[in-house]
Structure formats: C-alpha cells, structure tokens
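Heads up: the structure comes next, in structure tokens.
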Amino acid sequence: MSRTMSKPEVDDSIEEVILIDDAPEESAEKTDSEDDGSSDGTNTEDEDTEDDDIDESFESKHIKEYIEILTKIAGDKYNYDNYAELLEVAHQMDDLEKIRQSAEIFAAMYPLSPEIWLRWLKIESSLASTDEQVEKVEKLFQRALNDYYSAEVALEFAELAMKTTSKDISERIWKTLIPTYGLHVLKGRSIFEAYREDILTKNGDSPASFNQLARIYEQELKIPLRNMEDSYIEYKLLCEKYKDVITDLDEEKFERRYKQAKEALQRMLSHENALAALGQHCYQDKANAYRKYIADCQSLLDDDEVQILYERMVTECCLDETVWVDYVRYLHRCPPDSEDNPTSPVFRQTELDLVNRALRNCTWSAELFVEKMRIVERQASPSSKMTILKIMEDVASAGLQKPEASVKVWLEYLTYLRRVTDFTSEKEKEILRANFDLAWNQLGRTWGVLADPQCKILQFWGRLEYEALGEPSKGRDLWHSVMDSADNSTRAGLWIEFTELEAKRNADSVRKLYRKSLKSIGLDDPETLAAAWLRFERCNGTLDQLISCQEFCNEIIAEFNKKMVHSKNGPTSNRSAKPKRSADGATGGKTKEMDASSDKKQSVPAVDGASGTPIKRNLKRTHDQLSEGGEKQEEFKTPAIPVLSSSKERDNDSDPSKRSRMDVDSDVTSKGDENRQVFISNLGFEVTETDIKAIFPELAIESIELVASSSGKSRGFGYMQLARADEVAKALSFDRRPLNGRPVFISNLARDKSTRPHQFKYSSSFEPNKLFIKGLPFNMGREELHKLFEPFGRIKDIRIVCFRSGKSKGLAYLEYETETAAKNAVLKMDQFVVDGFTITVAISSPPPKKNPTATDAKLATGAEHELLSGTSSSLGSGKRQLARGDVKQKLSAMIPTAVLKKNAVTTIPATNSEQKPKSNDDFRKLLLQ
C-alpha cells in the first residue's frame, strides 16, 4: 500500500519547479518591452503594471521557498514537518499543479490525514465537470478512504455522487459508502439521507423508486444510529402513503431488528458522549475510551459494526502502536468476508493490508513488525521466507528507538527460523547458527553495552545447542557467557535453568555448577538454588555427595542470613531472627547462640532437609546490598560471545578449587606506587598490554595491569605504571588518544577526588572564535569538516565529540584564529545540509558549571537554602531516576530529616556576620518554603 520516495523523484520535482520559476521573469521582460513600445499610457496602466509586479514578486518568493523545502526533503526524507510545510506553501501559491505535486510527494512517504485529504479533495471536486474528471477525483477519494476512516471525507464523497450525472459512477460511490460509513453511529444517518435524495433525484417518483427507498430505510433502521427515531417516522409515513405500491414488507421482522438496534444505541450513546467530551489531543484517554466502548458493546453489535469502532480508534489515535496491535489481532480473530463487500475499503482489507497501514503510521513499532512476521508465516506461501527476510530489512531501515525493541524483533525472527529449520540437515543448522551470530553482533554494533543485557539471544541459542542443534559443549560456553554478563550471576532462576540443561551431559559438571552458582556475589535467592541442588543429589547422588551438599549449602545460607539479619535490623535494633531448620533437619544445629539473658535464639536456617525446599523469611535484599567482603555488587559487564573451548578445559575452569572466586572482580585495586600510576579505561576487550604500549611511545611505561572478569576476559580498564612521577602529567595530556577506533580515557589515580587536579582541558566560558556544530553526519571526519569550514578563515583546532566506542555523536567544536571568521561561518553554514543532515552552527558558549566542592561562605549558604527549600538539583542533567531496588538515601542514617532541617536552618545566619538576627517568623517562613 505504501512506497518509499526515492531521491531521483525529488530531484525531478526540483528541476520542474526551477523551469516554472523562469516563466515569471520572461513574462515580466515581455511586459516591459511592450510598455517601451507604446507611444503613451495612462495612470491606470501604470497601476496595473505595479500590481502585476507585486504579484510576480510574491509568486517568485513562494517558488523559491517551495524549492528550498524540496531540497530539505531530499536531504531528510523522514521529517514529517517538511512535507506539511511544502503542502502549505503549495496552497498559498494557489497553484493546483503544485498542490497535486506536493500532496503526492507527501503521500508517497506518509499517509495523509483526513484534514489534508479534505482540503485537497474539495478543490478537485469543485473543478471536476466531465465524467472523466469525476472518475479521477473518485480514485483520489478511494485513496483517502484507504488511509483513514473519515466520516467527513465520506460525506464529501457523497456530495460528488450527487453531483455527477452518471448513474454508474454514482452507484459505485454508494456501494463504497453505504456498507462502511452507513455504520457510523453519529454520521451514518446523514449518509443514508444523501443516498435516498440521490435515488429520488436520478430515478424520479416511480413505484420502483418508492420500493428502493423502503429497502434503504429498512437497511438503515437495523443499524444503531443517532436520531434513528426520525428515520423510523419517515419510513412509516412512506409506507402509509405508498402502501399500494410498496411490496415485500415484513413488519414483524422489521420491528424486531429496529428494537434491537434501539437497545444497542442506548448503551452506545453514553460512550459516544464520553468520547466527545475528550480534548483533541487526549490520545491515550481516547484509546482507553474506545477499548471500554468495544468491550461493553461488542456483544450487542455485529462484527462489521465492531470493526468500524476499531477503524475510528486507529484514525483518532494513529500514532499509538497498541491500538493498531489490538485491531490486527481482532481482524485475525474475526476476519471480514471480502466477498460480501468487495468495494469497501474497510472490509476488503486483509491482516497484511492492515499491518502495512499500521507500519506507515508507526514505523518504529517492534510489536507491529512481530505481528507482520506472524501473519506472513501463517499464510504459508512459497515466498514466506523471502517476505520475512524483507521485513527484517525494513526493520533495519526503520530505526527502532530502543534496544529492547530490536531484541524483540530479532528473537521473533530467530524463533521463526527455528520452526522452519530442518535439524537433520547440517547445512540448515549452520545457517541458523550464523543468524544467531549475526543477531548478537548486529545488536552489539548498534547499541553497545545496552544491547540485550540479559542475553536473551544467547540464552535461546544455548538452549538450542543443548537440544536441537546437538552441540552441548557450545551450549555450555554460551550459557557461561550469559552468566558472566551484567547481573545475570545474581539470578538464581537462570542458574537453575543452566544446571538443568547441563544435567543432560553429566552429573559431575552439574555439581561444579551448583557450587559455583552458590558462591556468586549478590545471589538473589540462594535458598531456592540450594533446594534445587539438594533435590538433584537425592535423585542422583551417593550418601557422601548428599551430606557434602547439605553442609556446603548450610554454610552458604548461614552466611547469607547473617547479612540479611544485620541489614534488616541494623546496629541499633534489638530484634532477633526466629529459629529455623538446617539442612540436616535439626533446629539450630550450626548456629551461634545469643546471649544467655536473651529470650530468643538466633539460628541460621538454610534448607529443609526433609523436603529440600527453602525456608522463607521476610528479609529482602536491596539493590545496593553489600557482598561478602563489604564491597558492592559487580558492575555491568559487556556481554560477548565466548571463544569456544573444549569440555575438559571448561570443567577445569568451573572447578572452584582451580578458579578464582567471582568476587575478585568486585575488589579490584591497583598495585604499586600511586604517584606513578594512571587509570586507563574505555579499552576494547581484545586490547593487550602490547597494544597500549604501542600507541604511547612517548611515555616511559614500566608495567600495565588490565583488570579481568571471572572468566579471564579483559573488562576494558586497568592501571598503567610509569617510570617516574613526572610522567603522570604527560600521560594525562594524551587522554582520549584513539586505539582501534576507541578513545582511551586516562585519568588521575588520586583516591580523594578533591585533591585531583582539574582535568577538563576545554574552556567552559564564552569563546567568540570557537563554533559549536551539531547535526553532523556520523561518518564525517576531521578532514571533511576542515574542508567544509576552511573557506571562512584559518582553522586553529577541530574536536569531534565521540561516544566511548569512538563513533561520532554528530557534534564538534571548531576553533578559528579570528572572531570574524567564526561569525561568517555561523551566518553561512547554520542550517546547511551536508549529506542529508541539516547542521546547526553557533558560537560556543557552554552553560556555567556548578562547583560541588565550593567552600565559599555565600555558596555554602546558598546550597543550604536550596536544601531547605527543596529546590536543590544534582550536578548532572535532570533528576536521577532510581533503578529498580534502589533506596532513597536520607541526609543521615540516624538523624530524622525534620531535625536535620531545623539544624540546617539555625546554621544559616552564622554564614554571614552582617545579616540581622532572624525572628521566629523568619525561621517559620524558611521551614515552610
């Protein structure tokens, strides 16, 4: 239904407009020559000439503006506002050809709104006089009704049917409108009235006309329409007046249908009133109102009438992907019969037609792309595979806005491939693996560390390797990579699933995995994990293995419970935990007793030895719960596809006696003299010490220590030991030197941040000779930028702002030697289009930075006043959003906030000896701020 506008089409449009632009000048020259040739003239002729000149100047201005907008569209074809502006300029020119041209360019990229269609169609309808012209306008109306369900456009279409003298054209129009727009609760009666009027006008007063009118009334009165009582009275009067002419009347059937429609209308009108009361832009409220409308009235309405409600909903909330998804799924459950209404733009559409309409409105919707893939798969046509592959190409060009959306589409595509793969064919199995690898790498390149932190792609891949793909060793490597990524090692559910998959290999590897998992730092539910291990040993282990499991689990859970009790009660609480059962079934068997004067004993519950189920408690672990060594949880780690190793090597690595504990990562410290060290970060995971030394030949590097994860892979940061202390300042000057396309961050190692030297090497004040440029193409380098801005003056320096990955952010700072060159560049280059990107150029004037370590008395007073008035903000951009599980920090762990506020207020006068003593009223005002 949609097509993408190509650049040649836009270029052709521009050339056409340029040709038209020459016409007014030629006309003006001709007029001047005629005036020169005349012997005499009058004042009236001079005035007419002046008016013509003004009109031509006005027209030339619009043509120039029209060409500029076309150029913008050629550079950025996804900017909706440019198309709307182009169409508006065309209407101001009052040029029908320009209106048609701009509307077609607009419609090629986006569906036109009913208001845009109506404005254009009224012009076309007023100019259509012959049957041939009316047929062209009819096709435009059909296109408009295919975009959106609009009663206003339908009524204008009805006017065209009444205007034309051709019965064939009129009949085609009514066959389109009556089955579709005659069902509109508020506008349906107007459609039927126009239909009856057109029948009488074209057929005259005849028995056939009266019988046709009666059939139209009967068709109308079985539909719940507003003011249907008036049509009922008209019908009765018609039947009474022409009772000798009208035949085939079935009063009983008619009255029954009318009564049913009337009852449905009574329930529907309350929902219609609720929708009418909502504002024009209350899209979410309208969507909810329509959902409630459909749920309440669906049992009283036919499927066609319900579908009309869905059409109205997606028209009024066209940018809400959820309403389109609801409609697509309804059409799957209740598909219309296209043979009953072959000319209806609503009832002849298929699921695929509808989802294509939806994607023209919501090009960013992952859910709609998923629905489209499922629809194509259900069709089971020979071309389904190629069609779904084309959908994935559309996804790549759509520009999904969140990594979660990309992961969702990729998972759906990989799931589809799993269903169609012949697992007896090695070739097809390798194709499936290649697609998993492509998905993972594509997500990593696009989103970096934000791509699939839970590793859903790798989890799916690993499950298939254990089972259908038949490579358990590969599956194990993939799952180890999953557990080493982000905070997956803290999720007991993932560990249990991993062990269940590993159980298909051998029991010893499962035991090693259980031991490793229970030692994971920050594990969310060790009791459940311990219970799962205990059940495994009861089913598969020997007596010694079962006892060993119980002892190990009790030890781990005892340690966990101590931390939980301490975290829950705090150091000043006198509450104690209740006795629990240990893994061997005894109460308090491995716990320390409390003081003899205490009424309760604190035991260390672990696993119920009888059932193997965890004993629940009301203690919860917060997001920033400290780990064993008093350190916080391990930071986010970038997921990566592991280098596959042999089964024997993996077993050795997973043995806790041969591997370092996972908490090594969370307790990273530098070794050596801090005065001669710098901290290096943002390194690629493949970078080695040799690579780092190679890009810093100017430095006397003594050693480099790269921090590794529990799996032995680099975490992308480390410490560089220099030969002398004076080399540190030199090393800091090389901050952000690129290595394999990524800038290497170099920072001071001083632990006290207040003692670190100010490392921001760029000015934070107004710089009249420096430009700030944004909106640059992401692939533009220093040389291209230098060439672009060199004509305005000598360039002193260029700095392109990059992400941690080394990719450009589309921002740059460019410094000229003179202020004049900078001003000229702003005047000429602001809003300039470069490779389809519209850049913004301005004089560099960074916003002022607050000093968080200021000790000046006035600054301290101001900070305190902000604290009291509740208006203080963080030094970052915007309010910090708490992550799930975070706890808001109080001003003090022990002192109530209200007391702190009082104390803060009383200290304010002391910061300024010149202030007058404040009265009680003054303090009261401060507290009430």
Side-chain angles (χ1 to χ4, degrees), residues 111-118 141-158 176-192 220 223-228 261 264-331 333-336 341 344-349 351 353-355 357-358 360-362 368:
L112 303 185
S113 68
E115 294 76 18
I116 293 176
W117 273 115
L118 202 56
F141 271 105
Q142 293 285 0
R143 287 175 55 191
L145 298 179
N146 283 333
D147 276 350
Y148 295 109
Y149 183 90
S150 171
E152 289 72 20
V153 174
L155 288 170
E156 189 67 25
F157 200 12
T176 298
L177 294 179
I178 293 299
T180 308
Y181 291 89
L183 302 181
H184 195 292
V185 178
L186 303 181
K187 304 291 184 180
R189 185 168 180 270
S190 299
I191 297 291
F192 277 105
E220 175 188 349
I223 304 169
L225 302 175
R226 188 174 62 179
N227 298 329
M228 62 187 305
L265 179 65
Q266 295 304 315
R267 186 181 294 187
M268 297 171 73
L269 284 178
S270 61
H271 295 286
E272 293 290 347
N273 294 334
L275 285 167
L278 295 174
Q280 182 180 359
H281 301 296
C282 300
Y283 303 117
Q284 188 60 50
D285 293 337
K286 285 185 178 180
N288 293 333
Y290 271 112
R291 290 189 179 102
K292 185 177 179 182
Y293 190 172
I294 293 169
D296 188 32
C297 301
Q298 188 167 5
S299 60
L300 301 175
L301 303 176
D302 294 337
D303 289 345
D304 291 351
E305 294 166 343
V306 174
Q307 188 172 347
I308 294 301
L309 291 179
Y310 275 107
E311 281 286 342
R312 290 174 58 189
M313 178 170 67
V314 298
T315 298
E316 295 192 44
C317 311
C318 61
L319 297 181
D320 185 348
E321 62 174 330
T322 61
V323 300
W324 287 103
V325 172
D326 290 347
Y327 188 11
V328 170
R329 291 174 180 172
Y330 170 78
L331 207 63
R333 295 193 306 269
C334 306
N341 299 296
S344 170
V346 172
F347 302 126
R348 73 184 176 203
Q349 68 181 341
E351 288 182 78
D353 295 332
L354 178 58
V355 81
R357 281 178 63 200
R360 290 196 72 197
N361 289 272
C362 305
L368 287 172

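Worth knowing before you read on, the calculation uses all heavy atoms, side chains too, and leaves out hydrogens, waters and symmetry mates. If you're wondering where the values come from, they're calculated on a predicted model, not measured in any experiment.
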What's the spacing between [X] [atom1] and [Y] [atom2] if we round to 0.5 Å?
X	Y	atom1	atom2	answer
T322	L368	OG1	CG	9.5 Å
L145	S344	CG	OG	9.0 Å
Q307	L183	CD	CG	10.0 Å
N361	T315	CG	OG1	9.0 Å
K187	L155	NZ	CG	6.5 Å
M268	L275	CE	CG	10.5 Å

Side chain to side chain donor-acceptor pair (under 3.5 Å) with Q142: which residues, sequence neighbours excluded?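 Per chain and number, Q142 pairs via side chain to side chain donor-acceptor pair (under 3.5 Å) with T176.
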Please list, chain by chain and in numerical order, all residues satisfying side chain to side chain donor-acceptor pair (under 3.5 Å) with E316, sequence neighbours excluded.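 E316 satisfies side chain to side chain donor-acceptor pair (under 3.5 Å) with K286, Y290 once adjacent residues are dropped.
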Which atom names give the shortest non-hydrogen contact between [X] and [Y], and what distance separates them?
X	Y	value
R312	H184	NE-NE2, 3.7 Å
Y148	P114	CD1-CD, 3.7 Å
N146	P345	OD1-CB, 3.2 Å
V314	V323	CG1-O, 3.9 Å

Main chain of [Y], side chain of [X]: is a donor-acceptor contact present, judged purely on distance under 3.5 Å?
X	Y	result
Y181	V153	no
R267	C297	no
D147	L112	yes
W324	V355	no

Testing D326, D296, D285 one by one against R291 for a salt bridge (charged side-chain N to carboxylate O under 4.0 Å, His left out), which residue passes?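 Filter result, single survivor: D326.
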In terms of heavy-atom contacts, does CD of Q280 have more than 12 from other residues, nucleotides or ligands at under 6.0 Å?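 Counting other residues, nucleotides and ligands, CD of Q280 stays at 12 neighbours or fewer.
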Are M313 and Y327 close enough, and set up right, to give a side-chain contact (heavy atoms from CB on, under 4.5 Å), and what steps lead you there? CA-CA 9 Å; M313 178 170 67; Y327 188 11; 5.5 Å; no
So which of L265, I223, V185 actually passes side chain to side chain contact (heavy atoms under 4.5 Å, CB included) with M228?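 Considering L265, I223, V185, a side chain to side chain contact (heavy atoms under 4.5 Å, CB included) with M228 is found only for L265.
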